[in-house]
Amino acid sequence: MPLTHQTPLLDELEKGPWPSFVKDLKRAANEGNSDTANDLLGQLELSYKQKVGHWKHGGIVGVFGYGGGVIGRYSDSPHMFPAVEHFHTMRVNQPASKFYSTKALRTLCDIWDKHGSKITNMHGSTGDIVFLGCRTEALEPCFADLAKAGFDLGGSGSALRTPSCCVGKARCEWACIDTQDLCYSLTMTYQDEMHRPAWPYKFKFKISGCPNDCVASIARADCSIIGTWRDDIRINQDEIKKYADAGFNIEKHVVGLCPTKCITYEGGTLTIDNKNCTRCMHCINVMPKALRPGTDTGATILLGAKAPILEGAQMGAVVIPFLKLDGSAEEVEDQYRELKDFIEKLWDWWDEEGKNRERVGELIQRLGYRAFLEAVELDPIPQMVKEPRSNPYIFFREEEVEGGWERSVEEYRSRHQA
Amino acid sequence: MPLTHQTPLLDELEKGPWPSFVKDLKRAANEGNSDTANDLLGQLELSYKQKVGHWKHGGIVGVFGYGGGVIGRYSDSPHMFPAVEHFHTMRVNQPASKFYSTKALRTLCDIWDKHGSKITNMHGSTGDIVFLGCRTEALEPCFADLAKAGFDLGGSGSALRTPSCCVGKARCEWACIDTQDLCYSLTMTYQDEMHRPAWPYKFKFKISGCPNDCVASIARADCSIIGTWRDDIRINQDEIKKYADAGFNIEKHVVGLCPTKCITYEGGTLTIDNKNCTRCMHCINVMPKALRPGTDTGATILLGAKAPILEGAQMGAVVIPFLKLDGSAEEVEDQYRELKDFIEKLWDWWDEEGKNRERVGELIQRLGYRAFLEAVELDPIPQMVKEPRSNPYIFFREEEVEGGWERSVEEYRSRHQA
Amino acid sequence: MSEVMKDRITDIGPPKYDTMWPDYIKDNYGKWLYHEELEPGVLKHVTETGATVFTVRIAATRLMTTLHIRDLAAIADEFCGGTLRFTTRNNVEFMVADQSKLEPLKARLKADGHLIGGTGAGITNIVHTQGWVHCHTPAIDASGIVKSVMDELAEYFHDKRLPAKVRISLACCLNMCGAVHCSDISILGVHRKPPLIEHDRLLNVCEIPTTIAACPTAAIKPYNFEDEKGEKVKSLQVNADRCMFCGNCYTMCPAMPLADPQGDGVALWVGGKVSNARSMPMFSKLAVPFLPNTPPRWPETVDAIKKMVEVYADGARPYERYGEWIQRIGWETWFKLVGFEFTTHHIDDYRFAMTTWRSSTQFRFTD
Amino acid sequence: MSEVMKDRITDIGPPKYDTMWPDYIKDNYGKWLYHEELEPGVLKHVTETGATVFTVRIAATRLMTTLHIRDLAAIADEFCGGTLRFTTRNNVEFMVADQSKLEPLKARLKADGHLIGGTGAGITNIVHTQGWVHCHTPAIDASGIVKSVMDELAEYFHDKRLPAKVRISLACCLNMCGAVHCSDISILGVHRKPPLIEHDRLLNVCEIPTTIAACPTAAIKPYNFEDEKGEKVKSLQVNADRCMFCGNCYTMCPAMPLADPQGDGVALWVGGKVSNARSMPMFSKLAVPFLPNTPPRWPETVDAIKKMVEVYADGARPYERYGEWIQRIGWETWFKLVGFEFTTHHIDDYRFAMTTWRSSTQFRFTD
Ligand code: SRM
Ligand code: SRM
Ligand code: SRM
Ligand code: SRM
Ligand code: SF4
Ligand code: SF4
Ligand code: SF4
Ligand code: SF4
Ligand code: SF4
Ligand code: SF4
Ligand code: SF4
Ligand code: SF4
């Protein structure tokens with residue numbers, strides 16, 4: 001179909017070296033006959049002119065039996081842009097680490113061409129495939145077709161959000177844990193938690209294979225699971241020599257930048273004081289042929305990362321320094337179970353104590369680590385903090401004080417005149 | 001007089017290499033005939049037995065016309081220890097940096113022997129000479145004798161507290177400002193503020209001659225004044241050579257520990273990139289014969305340090321990076337006036353806005369830097385912060401927003417259907 | 001059971017990851033030994049047994065139509081055994097096991113107008129959010145700003161190198177659906193006018209207590225509005241001086257819109273990171289509190305970011321991320337180098353404000 | 001004007017500093033060039049013109065009688081031209097310009113039983129507060145603990161050297177009248193039982209609103225107490241679970257005493273500093289949340305501090321202050337070395353708690 005809106009402002013965005021979403025949308029409208037794309041361009045041009053968005057607030061729509069996975073959206077100017085009057089998104093749970101067979105991709109395209117706008121996000125910030133621009137009546141049939149093709153919706157609302165992970169063992173030599181398998185396992189175990197929101201607020205898992213954290217979990221997952229090791233960095237001294245021979249300044253770029261200064265390089269041999277290594281990855285990152293993570297691998301579990309609303313952004317904080325996640329299939333199942341037991345204790349506590357729209361990290365802030373650690377049955381360890389408290393406001397408990405808290409004014413005053 | 005109380009516990013504190021206050025108190029009781037010292041020992045022994053203090057809460061006493069300088073104190077067991085029934089302290093303003101002629105010292109001793117207990121603190125934490133143990137009726141005559149001898153009381157209550165300073169130019173080569181003179185000048189200018197409490201809470205000045213901060217001002221003064229320089233560190237290369245020749249490892253102990261890594265030591269010559277020097281003093285501290293602060297000297301002014309009550313401890317924060325405090329007598333008077341003008345603006349604001357028992361630092365926390373800077377007429381500069389804000393909660397003001405804040409719902413809804 | 005629920009398939013989750021793998025991933029899973037960056041956008045991964053996979057990464061607009069996806073799939077079929085993947089920053093990766101296919105693949109991608117790059121010490125795709133394309137709370141558009149910025153910085157994607165990675169992110173409102181709070185450079189949409197209040201419909205569409213509770217600064221108070229008939233209707237009012245425009249009230253209450261052509265615009269942030277390499281993860285800090293919303297190309301924003309990238313390119317040392325560099329040279333030096341004004345907005349005045357004040361005499365003089 | 005006010009001298013301030021100076025200070029004021037530490041407690045300061053002053057520092061109990069002061073004055077008369085000074089940490093300094101007087105001065109001080117020391121990289125006097133000797137709110141004594149600790153550490157005052165200065169401070173309650181919040185090692189008196197409430201006199205001696213406002217955690221609420229006659233009397237109550245024993249209520253209200261033989265004791269802190277040398281000033285952090293009040297010699301406290309000093313002596317590098325050392329080796333390593341238990345009390349749960357959590361995978365394994 002021909003484009004029906006003038007878009008002089010958007011047309012500017014067809015220029016330049018970076019791929020142009022405007023070109024792509026125009027193509028969908030033109031070649032792809034998407035009237036939704038056509039009206040989206042029109043409404044977006046209006047936004048560009050007026051410097052303000054044109055979507056109504058919220059809108060509760062969905063598919064039967066699910067409490068999430070769909071974000072309702074309606075145009076506030078449907079008289080001008082009728083094809084985007086409904087413009088809901090469906091969040092489709094991506095395969096872990098986002099490998100796609102072209103067959104699967106084409107199936108998704110077919111379904112979306114049939115029911116929707118032809119417009120997607122590959123991918124949403126949480127990790128979902130996002131189908132952008134669906135009418136209410138198309139949601140259910142679209143969902144049915146997705147399910148038949150083996151796809152399901154992801155999370156939205158006060159539910160488990162779609163877990164995601166880095167490429168991991170599929171194409172990265174540093175993956176200390178099987179990110180995809182764990183991501184899949186968590187997703188499958190918690191289907192109910194994902195589809196039927198029942199919590200105070202959202203909860204996100206993100207899984208990175210090593211401390212480089214290529215899925216940015218530490219910034220944005222209520223639970224970050226980050227691969228690490230607890231034995232020694234593997235060193236290939238021959239390759240060290242090759243780096244040196246190639247003119248690479250090991251002293252400056254490796255030894256000098258190690259945050260704990262636990263590397264020495266003498267007489268062409270590189271030595272690491274592993275007990276003082278904090279597994280930051282730097283030396284491995286810059287000499288990938290010579291250094292590798294250890295072989296006793298598992299994950300560090302951190303909790304609480306989130307965006308600023310309400311009380312300011314948080315990063316994930318260490319709660320379990322090392323959880324072994326590596327071994328035979330059976331061992332791994334047990335290890336996953338251990339992790340899930342921990343998570344379920346956490347959820348129970350949060351469910352019980354969390355206020356409306358309070359993330360796990362905020363709850364820990366509000367009630368303190370002691371309450372949290374008791375709830376999840378963990379012992380306090382120094383690895384949980386950058387430094388111990390500096391304020392003297394310690395909430396001692398009655399049971400740790402000899403004689404308890406009951407005291408008598410009379411007894412006190414018998415020794416001390418007022 | 002003979003000691004009248006058994007003090008088996010305190011007697012333990014007569015042993016050991018460190019000087020013993022118990023011995024000294026016993027001597028005052030015995031040799032010095034101080035019945036106050038005698039009963040103090042008795043009451044203290046009771047505290048040692050019962051593990052609890054035996055002083056009543058507060059007590060408002062003082063000298064005529066002053067609202068402070070005396071801390072009232074009464075025993076809660078005067079039936080056992082009548083000589084400490086009244087045990088008030090007088091805070092006597094020390095001479096800046098605590099040099100004493102023996103004549104002045106003996107005068108103080110004479111006055112205190114006449115009116116009080118013979119017990120002192122040399123000195124209190126704020127810096128005063130503390131006369132410990134005075135009866136109410138002795139306060140006024142003691143004060144009169146002090147005044148005759150040229151001494152005055154220090155501060156207490158919601159007033160200016162006794163300013164204090166490091167030894168400075170009197171015996172330290174690093175003093176960038178005349179700490180004693182400034183301390184004296186502030187003390188004399190603000191006698192009224194010291195003696196007649198009229199503020200929301202206490203206010204303290206402390207003055208150190210250089211960033212070593214030997215009077216710990218940054219930890220405990222509402223206003224810290226710390227000497228610094230803005231030109232180049234003076235280097236004596238001959239002395240550098242002598243350090244090296246004596247086997248001192250300049251690379252390791254100086255270059256390696258400079259926080260900004262702005263020192264190079266090559267071919268026996270030490271060079272400093274002064275533009276990147278943050279004047280931490282380390283290099284000067286460890287090679288005092290070779291390095292000296294620059295000659296364009298003045299002070300950094302920091303505000304807000306305090307102990308934890310109420311909202312947690314604060315350290316002083318930079319508000320004026322450099323105030324020239326160095327020159328001819330006249331120039332210096334002008335410079336002092338500039339400082340005092342700033343301080344007076346601060347006090348006016350605090351007086352106006354401060355809540356009861358709110359220190360200056362807490363007020364700045366509560367109302368924010370913008371309100372504070374406007375009140376004291378300073379511009380914001382990056383030197384005030386370790387880092388800019390990371391949360392996005394910016395309080396933009398109406399005047400900086402084009403079109404202001406008045407808007408019409410109707411106009412909005414004319415473009416956006418609800 | 002209703003008709004629609006019969007035979008209904010639910011809770012099946014996503015396809016299992018390994019159903020998507022080509023042989024060159026399946027066979028080498030977990031066996032990787034090392035990698036090399038052959039050139040920007042081209043990686044070579046080698047296994048313990050000497051097998052290799054070559055990856056070619058191309059720039060993508062994550063706002064992508066099915067037409068475009070089908071084009072990509074066609075390339076993957078031709079060269080990659082029918083597989084491609086998307087990265088965590090929304091680029092697309094084509095892989096080949098056989099080195100001989102590498103150059104033809106690259107040639108084809110270039111021929112189709114794709115930009116190859118995004119790996120290593122340069123600038124990769126901007127992680128971003130919906131903007132005016134889909135969301136109801138944005139202060140700015142997303143895709144248009146991303147396009148404008150990346151047009152300017154494209155050479156750092158496919159060619160020019162920097163001391164280390166520079167991750168740029170964009171979020172169109174303070175909800176920050178991208179990880180913009182921990183990015184080397186972030187672009188954030190901000191409102192600057194307090195919410196309008198539609199007294200006549202507020203009670204119908206909002207819950208009064210949850211809306212009051214939603215305000216982090218307690219700026220919202222109950223208010224009795226007198227309607228046309230002179231009757232008192234429950235509503236809310238905002239103490240504008242306590243409002244910092246977070247928009248959380250609007251999230252809870254559709255009768256409190258914030259968006260405004262003049263009020264809304266861009267704030268820029270700098271120096272955050274996520275990785276644990278060398279330094280611990282860091283939050284991004286305020287660089288520029290406000291730049292105007294200037295579609296279609298947001299030149300002020302583009303210029304400021306370019307300047308930020310250039311001073312970093314000049315000043316930082318190899319491997320030094322943006323925030324690590326600033327820590328070394330000091331914020332005062334950075335502001336001088338970049339030439340941005342330092343304002344009271346830069347000084348934190350929220351919950352942890354005090355922890356950011358300079359409680360030391362250590363600083364550099366910059367005037 | 002009343003009799004007492006007639007001819008009354010007020011507001012004269014302290015004697016001017018220079019009235020106290022001997023010639024060797026007056027003449028050399030501001031001319032100092034460098035100094036040397038000849039041995040612990042003995043400094044030599046040299047001016048630009050080659051004049052010298054030798055300083056001998058001795059330990060002092062700042063709780064000092066006039067008898068003792070007169071003894072010190074006698075020594076100053078004999079050797080120092082009638083001047084002495086007190087340091088900011090309550091030691092006493094005797095100065096001589098003439099080197100020939102140095103040894104006799106030292107000999108005399110030693111003969112009188114004084115400890116010479118306190119300079120340089122060792123342990124100087126403990127800054128402290130009143131304790132049971134004068135104050136109304138202490139949880140511990142001050143002078144007795146100081147004496148006990150310094151008896152144990154005296155050799156670090158006059159003889160043994162450490163990697164750098166170790167500043168020890170003591171405050172007998174959370175008001176912290178010493179700078180214990182920024183000391184290498186600090187000893188803090190803590191209460192652990194919520195205030196008693198004397199309902200029958202509270203209204204007479206306390207202001208209800210200011211007392212409520214004084215509580216940082218809002219643990220104090222109004223309460224109607226029923227007296228013997230069955231009449232309601234206004235009073236207060238404390239939610240004990242929200243009380244962290246700061247004692248601020250007692251400061252405002254004498255009818256709310258906290259002191260208790262079993263409840264009160266010592267908390268130890270570590271790693272603070274004040275100077276700007278190398279690192280910025282740092283707060284001290286919790287080392288041991290509670291040790292019992294055990295007069296007359298507080299052996300648990302003394303032992304713990306000794307252990308803290310010893311691990312530092314063993315582990316730190318030259319010039320490295322305590323907190324700098326811990327930053328280098330990590331808190332987890334420090335707790336392991338020193339052998340103190342790490343408890344939930346060590347994890348901050350006050351206003352800035354979140355800023356202290358370990359938001360990184362960087363840490364050392366210690367088990
Ligand atoms: C679609 C998506 C942005 C995108 O363009 O990719 C998105 C879109 C919205 N987010 Fe988000 N968030 C999306 C990922 C995120 C992320 C990133 C992540 O998950 O890794 C964050 C930051 C991490 C976090 O969870 O804190 C994020 C933090 C928020 C917040 C702030 C939550 C907080 O606790 O601070 C809100 C506000 C709220 O929940 O009320 C929010 C709310 C919203 C809402 C539902 C708007 C609202 O006010 O209710 C947006 C709907 C937009 C629309 O019309 O499509 N969104 N949101 C992302 C989900 C796609 C997907 O499923 O893959
Ligand atoms: C005598 C002295 C301690 C000493 O043994 O040296 C002292 C003693 C008292 N201080 Fe202090 N403070 C003394 C220096 C300090 C210091 C240190 C300083 O000034 O450098 C501080 C920490 C710095 C600061 O100001 O924050 C200090 C912080 C406090 C506080 C907490 C204030 C805060 O804002 O956090 C209080 C509580 C209060 O004011 O209600 C307090 C209160 C008190 C009171 C008045 C007790 C009370 O609850 O009202 C004490 C009277 C004790 C007595 O019976 O003698 N005292 N007080 C010091 C004054 C002597 C002098 O004038 O030289
Ligand atoms: C493909 C991808 C993972 C995925 O599952 O999709 C990936 C893949 C690799 N990352 Fe990454 N990282 C990917 C997102 C990230 C992210 C997340 C993000 O930016 O949102 C981070 C955290 C960034 C941050 O700190 O803000 C990230 C931080 C790193 C680092 C740490 C760099 C540093 O010094 O801080 C390394 C190590 C390095 O580059 O030396 C690394 C290294 C690598 C290596 C070399 C790992 C390997 O051996 O294969 C991979 C190729 C890197 C390259 O692009 O040069 N990757 N990497 C992501 C590519 C995104 C893109 O399209 O550009
Ligand atoms: C006499 C005194 C000043 C006074 O007005 O009374 C003083 C005098 C000197 N100090 Fe100090 N400092 C004095 C209290 C302090 C304090 C305050 C405190 O401890 O409460 C500090 C801050 C401590 C802190 O950071 O916690 C202090 C931090 C320093 C430093 C920085 C050391 C560091 O590396 O952090 C130096 C430089 C050095 O020692 O190399 C220094 C250096 C000096 C020098 C060498 C300065 C000089 O050139 O004369 C003086 C002789 C030092 C010595 O004792 O070895 N002075 N010095 C104080 C002696 C107290 C005592 O009796 O022991
Ligand atoms: S997080 Fe580690 S394992 Fe995962 S892709 Fe990045 S570098 Fe590889
Ligand atoms: S991983 Fe990091 S901490 Fe460990 S040796 Fe390498 S650079 Fe050092
Ligand atoms: S603060 Fe500086 S000037 Fe003052 S005594 Fe200490 S070292 Fe000397
Ligand atoms: S004063 Fe400090 S910052 Fe300056 S050169 Fe010396 S060691 Fe470096
Ligand atoms: S950042 Fe804000 S405006 Fe953008 S998608 Fe997220 S919620 Fe919507
Ligand atoms: S925008 Fe934020 S600060 Fe302003 S009224 Fe709404 S919730 Fe409160
Ligand atoms: S620290 Fe507390 S108990 Fe000790 S003197 Fe100060 S106010 Fe009194
Ligand atoms: S001791 Fe402190 S926390 Fe406890 S009730 Fe009193 S003021 Fe509140």
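These figures come from a predicted structure and were not determined experimentally.
- Taken to the nearest 0.5 Å, the SG atom of D:Cys135 stands 9.0 Å off from the CD1 atom of B:Ile71.
- Under the 4.5 Å side-chain criterion, counting only non-hydrogen atoms from C-beta, D:Met176 is in contact with B:Pro308.
- D:Asp77 has no carboxylate O lying under 4.0 Å from a charged side-chain N of B:Lys103, or vice versa, which leaves the two without a salt bridge.
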Before giving the answer on side chain to side chain contact (heavy atoms under 4.5 Å, CB included), spell out for B:Lys15 and D:Arg297 the whole-Å C-alpha distance, their side-chain angles and the decisive distance to 0.1 Å.
CA-CA 11 Å; B:Lys15 303 170 188 162; D:Arg297 285 224 159 245; 4.3 Å; yes
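- Proximity to chain D (any heavy atom under 4.5 Å) is restricted, for B:Cys165, to the backbone atoms N, CA, C and O.
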After noting the C-alpha distance and the side-chain angles of B:Lys98 and D:Glu93, does the key distance pass the salt bridge (Lys or Arg N to Asp or Glu O under 4.0 Å) rule?
CA-CA 10 Å; B:Lys98 301 171 190 152; D:Glu93 292 182 334; over 6 Å; no
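- Less than 6.0 angstrom separates the ring centroid of D:Phe86 from the ring centroid of B:Tyr100.
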List the steps and the verdict of side chain to side chain contact (heavy atoms under 4.5 Å, CB included) for B:Asn212 and D:Asn276.
CA-CA 6 Å; B:Asn212 282 330; D:Asn276 292 280; over 6 Å; no
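- Between D:Pro14 and B:Met188 the shortest heavy-atom distance is CD-SD, 4.1 Å.
- Put simply, the side chain of D:His181 never gets that close to the backbone of B:Ala313: no donor and acceptor are under 3.5 Å apart.
- The pair D:Lys31-B:Glu173 fails the salt-bridge criterion, with no side-chain N (NZ, NE, NH1 or NH2) lying under 4.0 Å from an Asp/Glu carboxylate O.
- Note: D:His158 and B:Trp18 fail the aromatic proximity criterion, with ring centroids not under 6.0 Å apart.
- The residue among D:Val149, D:Val274, D:Asn175, D:Thr19 with the most heavy atom pairs within less than 4.5 Å of chain B is D:Val274.
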Between D:Ser275 and B:Asp213, is a side-chain hydrogen bond (donor to acceptor under 3.5 Å, both in side chains) present by the stated rule, with each step listed?
CA-CA 5 Å; D:Ser275 84; B:Asp213 197 6; over 6 Å; no
One pair to check against side-chain hydrogen bond (donor to acceptor under 3.5 Å, both in side chains): B:Gln365 and D:Arg351. What are the steps and the verdict?
CA-CA 13 Å; B:Gln365 280 201 61; D:Arg351 281 173 70 204; 2.8 Å; yes
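- For D:Trp298 and B:Tyr48, the ring centers sit closer than 6.0 Å to each other.
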